[in-house]
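Right, one structure below, let's go through it.
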Amino acid sequence: MFNPIADLRRTEPLMDRFGRRISYLRVSVTDRCDFRCLYCMPQAMAFLPKRDLLTLEELDRLATAFVRRGVRRLRITGGEPLVRRNVMALFRSLSRHLRSGMLDELTLTTNGSQLERFAAELADCGVRRINVSLDTRDTGKFRSLTRGGELTDVLAGIDAARRAGLSVKINTVALQGINEDEIESLIAWSHGEGFGITLIEVMPLGDVGCNRTAHFLPLSTVRQRLARHLTLVDLPDRTGGPARYVQVVETGGRLGFITPLTHNFCEGCNRVRVTCDGVLFTCLGQADSTDLRAVLRSSPEDSALHAAIDLAIASKPKGHDFVVDRLRDGPALPRHMSATGG
Ligand code: SAM
Ligand code: SF4
């Protein structure tokens with residue numbers, strides 16, 4: 001039966017108790033991946049049983065509930081989102097929110113391995129910008145860092161994206177002893193190709209079976225090193241996330257720094273994340289979570305879902321508690337980045 005109060009709640013914008021408006025949702029559509037990046041997951045990663053994953057229809061229903069509550073930007077991530085079977089059906093159906101004007105942006109974070117196949121269709125679904133992760137342009141290093149990935153596939157994917165008219169941003173995790181000597185040339189290459197590039201500090205998320213802290217490279221150090229050869233001019237651009245941007249005068253390109261271990265962005269945080277099994281995380285750096293899958297599956301009607309979302313947003317933490325403890329090798333949080341998505 002029509003319930004005017006419940007219906008009103010369904011379109012009320014999501015706002016947390018600190019007055020932060022939630023306008024950005026990242027949805028992980030799979031925890032699986034065709035790579036095994038050293039800092040992200042162990043070689044023998046234990047993936048979720050398929051029955052635990054939200055179906056594509058459930059993912060659409062969940063994302064749509066958030067869009068109705070004021071989410072304007074939606075990023076599809078993973079694991080590797082493009083290895084999820086029939087994932088384009090999800091993009092296709094979510095694109096209706098772009099056409100209706102309820103959504104400003106539908107985007108994707110990908111490792112690029114399958115991009116050659118999907119770039120044109122993504123563009124056709126209204127995707128305009130994508131993030132492609134690339135930590136090295138050295139074929140051998142790429143293979144060992146991703147434990148088996150092929151650089152040529154990723155470069156072909158990036159090329160296909162460009163041909164399809166997608167704007168590409170490169171994401172690079174800065175890793176001590178692995179790619180620290182290549183960062184300047186990655187910036188030059190990205191900017192030469194007309195791509196933005198963002199450097200990311202490695203985060204202690206999930207056990208990866210090796211000493212990740214040994215590869216932790218503070219971006220403050222990277223920035224100091226870059227400043228020896230490049231002129232970096234701070235830009236005012238803020239996205240509600242942990243990224244800070246500069247203009248590189250010599251290349252004319254934009255360079256981002258993501259330092260998730262600092263607290264300097266939490267006050268403007270506008271985002272939440274849902275894992276591929278329907279768990280809502282309101283902070284990347286906190287363990288607090290809400291199981292939306294159970295709620296979704298309990299009823300075909302959305303009132304309980306909206307109530308659960310309201311409750312979770314009301315307790316969104318003020319900030320995160322990441323600790324980079326170089327003496328301790330264990331993760332700060334047990335879940336992997338591939339579960340919550342980047
Ligand atoms: N597979 C896709 C990719 O690699 O772009 C999407 C998911 S991946 C988890 C998203 C981003 O998170 C990538 O840019 C990746 O480099 C980054 N990432 C993964 N594990 C990380 C960690 N422990 N610390 C910092 N960034 C990490
Ligand atoms: Fe896969 Fe992305 Fe994690 Fe690499 S960073 S293992 S590509 S999910």
Side-chain angles (χ1 to χ4, degrees), residues 26-48 75-84 87 107-115 118 129-136 142-151 153-154 157-158 161 168-176 178-179 186 190 196-219 222 241-243 256-262 271 273-276 281 284-285 320 322 324 329-342:
R26 292 191 178 199
V27 180
S28 171
V29 296
T30 177
D31 62 337
R32 284 162 202 264
C33 189
D34 49 351
F35 292 176
R36 295 285 184 283
C37 300
L38 292 178
Y39 52 79
C40 180
M41 56 173 86
Q43 174 77 63
M45 178 73 175
F47 294 113
L48 292 166
R75 179 174 293 279
I76 304 298
T77 180
E80 176 44 42
L82 297 182
V83 303
R84 171 89 195 237
V87 72
T107 55
L108 164 75
T109 300
T110 176
N111 66 21
S113 67
Q114 314 292 317
L115 197 50
F118 293 118
R129 302 191 303 152
I130 58 170
N131 288 355
V132 182
S133 301
L134 183 64
D135 302 324
T136 175
F142 187 87
R143 211 171 275 145
S144 56
L145 181 56
T146 58
R147 298 197 188 94
E150 284 303 328
L151 179 65
D153 293 344
V154 176
I158 292 175
V168 174
K169 182 165 73 70
I170 302 297
N171 277 348
T172 301
V173 177
L175 298 160
Q176 183 159 297
I178 297 184
N179 66 357
L186 277 166
S190 302
I197 176 168
T198 294
L199 305 175
I200 306 174
E201 232 166 42
V202 76
M203 284 179 268
L205 289 177
D207 186 11
V208 288
C210 67
N211 186 359
R212 177 173 36 203
T213 47
H215 300 304
F216 178 73
L217 178 59
L219 290 187
V222 175
F257 294 91
I258 297 189
T259 51
L261 306 174
T262 62
R271 58 197 59 195
R273 296 171 166 80
V274 176
T275 61
C276 54
F281 286 92
L284 181 61
H320 63 69
F322 275 132
V324 192
D329 191 26
L333 287 170
R335 64 177 192 273
H336 291 86
M337 188 74 162
S338 54
T340 32

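Just so you know, ligand 1 is whichever comes first in the structure, and atom 1 is the first atom listed for that ligand. Keep in mind the model is a prediction, meaning the values are calculated, not measured.
When non-hydrogen atoms are compared, ligand 2 lies under 4.0 Å from the backbone of C37 as well as from its side chain. For T109, heavy-atom contacts with ligand 1 shorter than 4.0 Å involve the backbone as well as the side chain. When heavy-atom distances to ligand 1 are checked against a 4.0 Å cut-off, T110 comes that close only through its backbone atoms N, CA, C and O.
The shortest N or O to N or O distance between S133 and ligand 1 is under 3.5 Å.
How far CG of L219 is from CD of E201: 4.5 Å, rounded to the nearest 0.5 Å. Summarising the geometry, atom OG1 belonging to T198 is positioned 7.0 Å from atom CG belonging to N131; distances are rounded to the nearest 0.5 Å. With rounding to the nearest 0.5 angstrom, the CD1 atom of I76 is 7.5 Å from the OG1 atom of T107.
For ligand 1, the atoms lying closer than 4.0 Å to a non-hydrogen atom of T77 are 6 (C), 7 (C). Listed by atom number, the atoms of ligand 1 under 4.0 Å from N111 heavy atoms are 2 (C), 3 (C), 4 (O), 5 (O). Within the listing of ligand 1, atoms 24 (N), 25 (C) sit less than 4.0 angstrom from a heavy atom of V202. Those atoms of ligand 1 that come under 4.0 Å of a heavy atom in C40, given as number and element, are 19 (C), 20 (N). Near V173, the atoms of ligand 1 lying under 4.0 angstrom from a non-hydrogen atom of the residue are 16 (O), 26 (N). Interface atoms of ligand 1 facing G79, defined by a heavy-atom separation under 4.0 Å, are 1 (N), 2 (C), 6 (C), 7 (C). Close approach of ligand 2 to G79 (heavy-atom distance below 4.0 Å) involves ligand atoms 8 (S).
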Determine, step by step, whether E150 and R143 satisfy the salt bridge (charged side-chain N to carboxylate O under 4.0 Å, His left out) criterion, reporting the C-alpha distance in whole Å, the side-chain angles of both residues, the deciding distance to 0.1 Å, and the verdict.
CA-CA 6 Å; E150 284 303 328; R143 211 171 275 145; 3.0 Å; yes
Please step through side chain to side chain contact (heavy atoms under 4.5 Å, CB included) for the pair L48 and T275, ending with a clear verdict.
CA-CA 11 Å; L48 292 166; T275 61; over 6 Å; no
Go through the steps for I130 and L115 under the test side chain to side chain contact (heavy atoms under 4.5 Å, CB included), then give the verdict.
CA-CA 10 Å; I130 58 170; L115 197 50; 3.6 Å; yes
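The shortest separation from a heavy atom of C37 to ligand 1 is not under 4.0 Å, leaving the residue out of contact. Ligand 2 has no atom lying under 4.0 Å from any heavy atom of G78. Using a non-hydrogen distance threshold of 4.0 Å, E201 registers as a contact of ligand 1.
Using modelled atom types, one side-chain atom of D135 and one backbone atom of V173 make a donor-acceptor pair closer than 3.5 Å.
Between the side chains of T136 and N179, no donor-acceptor pair of N or O atoms lies under 3.5 Å. If you check the side chains of E80 and T110, you find a donor sitting under 3.5 Å from an acceptor. Side-chain N/O atoms of T109 and R75 include a donor and acceptor closer than 3.5 Å.
Comparing M203, E80, M41 by heavy-atom distance to atom 24 (N) of ligand 1, the nearest is M203.
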